Each structure stands twice: as C-alpha cells, then as structure tokens.
Asks: 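Can you read through this structure? Questions will come right after.
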Amino acid sequence: MKILVINCGSSSLKYQLINMETKHLIAKGLVDRIGLAGAVLTHSLTSGEDEVITADIPNHTAAIGLVLEALIDPKYGAVKELKEIAAVGHRVLHGAHKFSASVVVNDAVMEALYECIPLGPLHNPANIAGIEACQKLMPGTPNVAVFDTAFAQTMPDYAYVYGLPYEYYEKHHIRRYGFHGTSHKYISQRAPIVLGRPTEELKVIICHLGNGSSITAVKGGKCIETSMGLTPLAGLLMGTRCGDIDPAIVSKVMTIENLGVDQIDNFLNKKCGVLGVSGVSSDFRDLGAAAEQGNYRAQLALNMFTYYIQKYIGSYVAAMDGVDAIVFTAGIGENSSSIRAAICAKMNYLGVSLDEEKNKIRGQEIDIASADSRCRILVIPTNEELMIALDTVELTQ
Ligand code: ADP
C-alpha cells in the first residue's frame, strides 16, 4: 500500500510517497515559490537523482498537479498510475477544539476546517487548498487530515485554559492547543519500544528541538502539558520566535516601533528568538561556531535556549510527579550532542547521568544515559510523515 503525505505551506509544498508494507520512502519532493516567479519542483526518488522541474505554479492545485505528473512520469516517476496511491494524508496546522484526532475528510470535515482558519490564518488556508486540490485531481482517493494540535487535546482543563475572562475560551476558543503534535505522538509511541516498557506506566518528557521547538509531558501515552499555546509562538526560545515573554512587552514594542498588528506578529515570529538575541543566526550550527569564537551574544542565546528547556523539564517533572525518560528529537535534539549535554548538566535532582560516548551518536534511536542513571535519556529521530501515513492507513483501511 502506497500513501502520499502532503504538507502545504503558504508558498511551498512538501510531499513523500511511502510504502507502508516496508515503511520505506519511495519518493519525496518540494515545490517552492508557489504563486511567485521562478516556482520550482524538486522531485527525488530514493533510488535516483533529484529532478528539478521549473514551471508556472500559480496555486496549490497547480502544484499538486505537477507533483502527481512527476509521480507517474515514465522516466523519474514512482508509480505507473495514480490509482496505486491508496490515500493521501495531509498535515493540517490547527484543528482548534474541533479535532482531537486525525479524520477522513468529508463535507462536514471541510466545513469545520474552514471554521478553524481564524486560529491558523497563515497555514490552514494552504492546508485546505492542498486537500481540495487532491479531491479535484484524484477523485475517489480518500484524504485524511492529521492535525498538529490533536495530540495535546488530552490536556486537563487547568493546563489549557488561560488566565483570561472565561468567555474568551468559551466564545473565541482562546486556549492552549500545542503544536508539533504529530512528532510528539510519534515519539510517544516509539519511546516505550526503545525502553522496553509498557506505555501505561511511563512518564516521558519529549523535547522537540528544531527551528521551532516545543516540549510535552506525556503520562501513560497521553499528553498532559505542552509548551506551545494558542499559536506556535509560545514556550521555548526558538530560532526566530520569542517563546514566553511578558505579554505587556507586545504593546510596548508596538509603541516604540510604531507597529501594527501584522507587523508585531511578524516581529515576534521572525525577528526574535536566538536570531534576535545573538544577531548572528537562527541556525544553531552558526551559533555554536560563533560562540566558540567568543561571540558573547551567540553564547548568551545558547545559554538562554538551554536554560528555558531546563526550566520546562523541571516544571513537567512537577506536573507529572516524576519522570522515567526524557527524549530529544528534531534537528537540534537529534544532532547536537553539546546542547543535549548542556541541558542534562543540571539534572542531578533526577539522578541523570549521560554516557558521553553514546551521546556522540547521531541519527539513531538510542538510550544515551549511563547504566546507573535513574532517569533514561533517549534520542529518537522523529518521523512526522510516517506518523501521518500511519494514521492515514488506519483510518482508510
Ligand atoms: P524545522 O523542521 O523546525 O524546520 P529541524 O528539525 O530541521 O527544523 O531543525 C533545524 C535546526 O536543527 C537548525 O537550527 C539547525 O541548525 C539545527 N541542527 C541541525 N544539525 C545540527 C547540529 N549538528 N548541531 C546543532 N544544530 C543542528
């Protein structure tokens, strides 16, 4: 069974075709600059070279049309006909209060997806466009929507209601939702396997550390706390996002810089985080290099990043009344042994001790704690596309 996974951004589209018998990737690609001059599709087969196709790509329907053509191309295609694709799984950013799990798309679901747009104004319209394009171009093939917010829907009310008048939650659905849910869900399913222990008895803290970063507390396989909020701006210090700040800063900066609503949104999402603090880069490899050369602000940004994570971990240990394992995943979590070591350096209270040799290993599922560590420390490479494909198979089979 072959599943196509689609992740639509406002001007880009990523896709993977996955063989679900082997769980192996067959083909993947990226359409960039949708709706702009110089749009391009880069398509690659796991067995072959990249195929770069430039074309006029005015919208997501055109982009998906081009992807489907590439997938059945006699030279660099991956299937003989589109009927071989059993179903399509779509990443959808915001499911608001309406979706607590993945769903097969039908008319009622489409209506609800449109109603979620105000909470995900930047991403949800593109996600919807992707689904509609597939409905048009692959009639009869089921589409499944997989939500970034779904995994954290199991949080208790005292964790997701904000300290605002309650009507804002009731009328406007302003609450903590959490994001990166597909990644956190995947890791929460892998961790018990790596640990060789039953899910039900485990308290796990998952650190998804990439350009965007978030942490969840998972008790018995269910998310009970997460660091992102109504939007993916909250929580940890990120590449370009500010994470937790005093909310009064927002109006203060708007006044100082004479910014409107869209501009302050752009500022907090794109100009802050480790980029803003360091003035060097949002990329942690650049930051590490600059810090090594004695750049104070790069080192400060790294110290802040680590410190926020340590504080969150401490608070999630409190939220779960204990922790069995802490998992690192995503670009930084999977690759940076120095950041993992820095985070774990202040965990004597948990009886954590790292195995320095194991901590050097990258890109594989591994327990990097030493044998006598009371809390296990895992590295598990995330696989959001596979998680989307697994949900898609489960719902459409
Ligand atoms: P996203 O999916 O949110 O775009 P990723 O999960 O791909 O992000 O993570 C990207 C981040 O991972 C970048 O900041 C990059 O610098 C960081 N990263 C990748 N490899 C390393 C490494 N070896 N050391 C430190 N950071 C790394």
Side-chain angles (χ1 to χ4, degrees), residues 1-20 25-46 48 50-93 102-114 116-117 120 123-147 384-386 388-393 395-397:
M1 181 189 247
K2 295 181 181 102
I3 298 290
L4 179 61
V5 175
I6 290 191
N7 181 358
C8 277
S10 53
S11 66
S12 70
L13 181 162
K14 288 186 212 152
Y15 62 94
Q16 287 196 1
L17 186 67
I18 301 175
N19 178 336
M20 296 309 289
L25 183 67
I26 306 168
K28 67 173 182 174
L30 167 72
V31 186
D32 230 349
R33 299 182 60 82
I34 297 171
L36 304 168
V40 63
L41 160 64
T42 311
H43 170 81
S44 56
L45 286 172
T46 34
D50 285 359
E51 195 65 38
V52 179
I53 301 156
T54 40
D56 200 19
I57 311 178
N59 51 41
H60 288 83
T61 310
I64 289 184
L66 209 62
V67 169
L68 299 180
E69 272 174 34
L71 286 171
I72 54 168
D73 187 274
K75 209 166 91 206
Y76 47 79
V79 290
K80 283 209 180 70
E81 49 180 5
L82 291 178
K83 279 195 192 122
E84 286 178 48
I85 299 172
V88 186
H90 298 262
R91 180 180 183 187
V92 179
L93 181 86
S102 305
V103 284
V104 178
V105 176
N106 57 24
D107 289 349
V109 167
M110 281 315 283
E111 206 173 300
L113 287 178
Y114 272 97
C116 294
I117 288 178
H123 295 85
N124 278 35
N127 305 150
I128 289 172
I131 296 172
E132 288 178 339
C134 287
Q135 287 175 327
K136 192 168 156 200
L137 300 171
M138 301 170 79
T141 305
N143 290 285
V144 170
V146 179
F147 301 91
E384 290 166 280
E385 290 77 13
L386 180 60
I388 292 172
L390 287 166
D391 272 8
T392 304
V393 171
L395 287 170
T396 54
Q397 245 183 356

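Keep in mind it's a predicted model, so treat the numbers as computed, not measured. The residues of the chain are indexed from 1 along the displayed sequence.
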Asks: Go through Cys134 and Ile64 one step at a time and tell me if the side chain to side chain contact (heavy atoms under 4.5 Å, CB included) criterion holds.
Replies: CA-CA 7 Å; Cys134 287; Ile64 289 184; 3.9 Å; yes
Asks: Can you tell me if Glu81 has over 12 outside heavy atoms packed within less than 6.0 Å of its CD?
Replies: yes
Asks: To the closest 0.5 Å, what do you measure between NE2 (His123) and OG (Ser10)?
Replies: 6.5 Å
Asks: Quick one, Lys28 and Thr46 - any side-chain contact, counting heavy atoms below 4.5 Å?
Replies: no
Asks: Looking at side-chain heavy atoms only, is the closest gap between Val88 and Thr392 below 4.5 Å?
Replies: no
Asks: Between Asn7 and Val5, does the side chain to side chain contact (heavy atoms under 4.5 Å, CB included) criterion hold? Intermediate values first, please.
Replies: CA-CA 7 Å; Asn7 181 358; Val5 175; 5.8 Å; no
Asks: If you measure from CD on Glu51 to OG1 on Thr42, what distance do you get to the nearest 0.5 Å?
Replies: 10.0 Å
Asks: Minimum heavy-atom separation for Lys14 and Leu30, please, with both atom names.
Replies: CG-CD1, 3.6 Å
Asks: Is it true that a side-chain atom of His60 and a backbone atom of Gly9 form a donor plus acceptor pair closer than 3.5 Å?
Replies: yes
Asks: Considering all heavy atoms of both residues, which atom of Arg33 and which atom of Gly38 are nearest to each other, and what is their separation?
Replies: CD-O, 3.5 Å
Asks: In Å, rounded to the nearest 0.5 Å, how long is the span from CG of Leu25 to CG of Leu17?
Replies: 8.0 Å
Asks: Does any donor atom in the side chain of Asn127 or His90 lie under 3.5 Å from an acceptor atom in the other side chain?
Replies: no
Asks: Is the shortest side-chain heavy-atom distance between Val92 and Ile131 below 4.5 Å?
Replies: yes
Asks: Can you tell me how far CD of Gln16 sits from OG of Ser44, rounded to the nearest 0.5 angstrom?
Replies: 9.0 Å
Asks: Considering only heavy atoms from C-beta outward, does the side chain of Leu4 approach that of Leu71 to under 4.5 Å?
Replies: yes
Asks: If you look at every heavy atom in Ile3 and Gly89, which pair is closest and at what distance?
Replies: CG2-N, 4.4 Å
Asks: Heavy atoms only: give me the nearest Ala86-Pro142 pair and the separation to one decimal.
Replies: O-CD, 3.4 Å
Asks: Looking at side-chain heavy atoms only, is the closest gap between Leu386 and Met20 below 4.5 Å?
Replies: yes
Asks: Would you say CG of Asn106 has more than 12 non-hydrogen atoms from neighbouring residues, nucleotides or ligands within 6.0 angstrom?
Replies: yes
Asks: For residues Thr396 and Val104, report the shortest heavy-atom separation together with the two atoms involved.
Replies: CG2-CG2, 4.4 Å
Asks: Roughly how far apart are Met138 CE and Ile85 CD1, rounded to 0.5 Å?
Replies: 4.0 Å
Asks: For side chain to side chain contact (heavy atoms under 4.5 Å, CB included), just list the numbers for Val67 and Leu41, CA-CA rounded to whole Å, side-chain angles, deciding distance to a tenth of an Å, and then say yes or no.
Replies: CA-CA 8 Å; Val67 169; Leu41 160 64; 4.3 Å; yes
Asks: Using the side chain to side chain contact (heavy atoms under 4.5 Å, CB included) rule, take Ile57 and Val31 through it: C-alpha gap first, then chi angles, then the decisive distance, then the call.
Replies: CA-CA 9 Å; Ile57 311 178; Val31 186; 3.6 Å; yes
Asks: Would you name the heavy atoms of Leu395 and Val103 that are closest together and state the gap between them?
Replies: CD1-N, 3.7 Å
Asks: Are side-chain heavy atoms of Leu137 and Thr61 found at a separation under 4.5 Å?
Replies: yes
Asks: When the ring planes of Tyr15 and His43 are compared, do they come out parallel, tilted or perpendicular, using 30° and 60° as the limits?
Replies: parallel
Asks: Could you give the distance from CG (Asp32) to OG (Ser12), rounded to the nearest 0.5 Å?
Replies: 6.0 Å
Asks: If we only count heavy atoms from C-beta on, is the Glu132 to Met110 side-chain gap below 4.5 Å?
Replies: yes
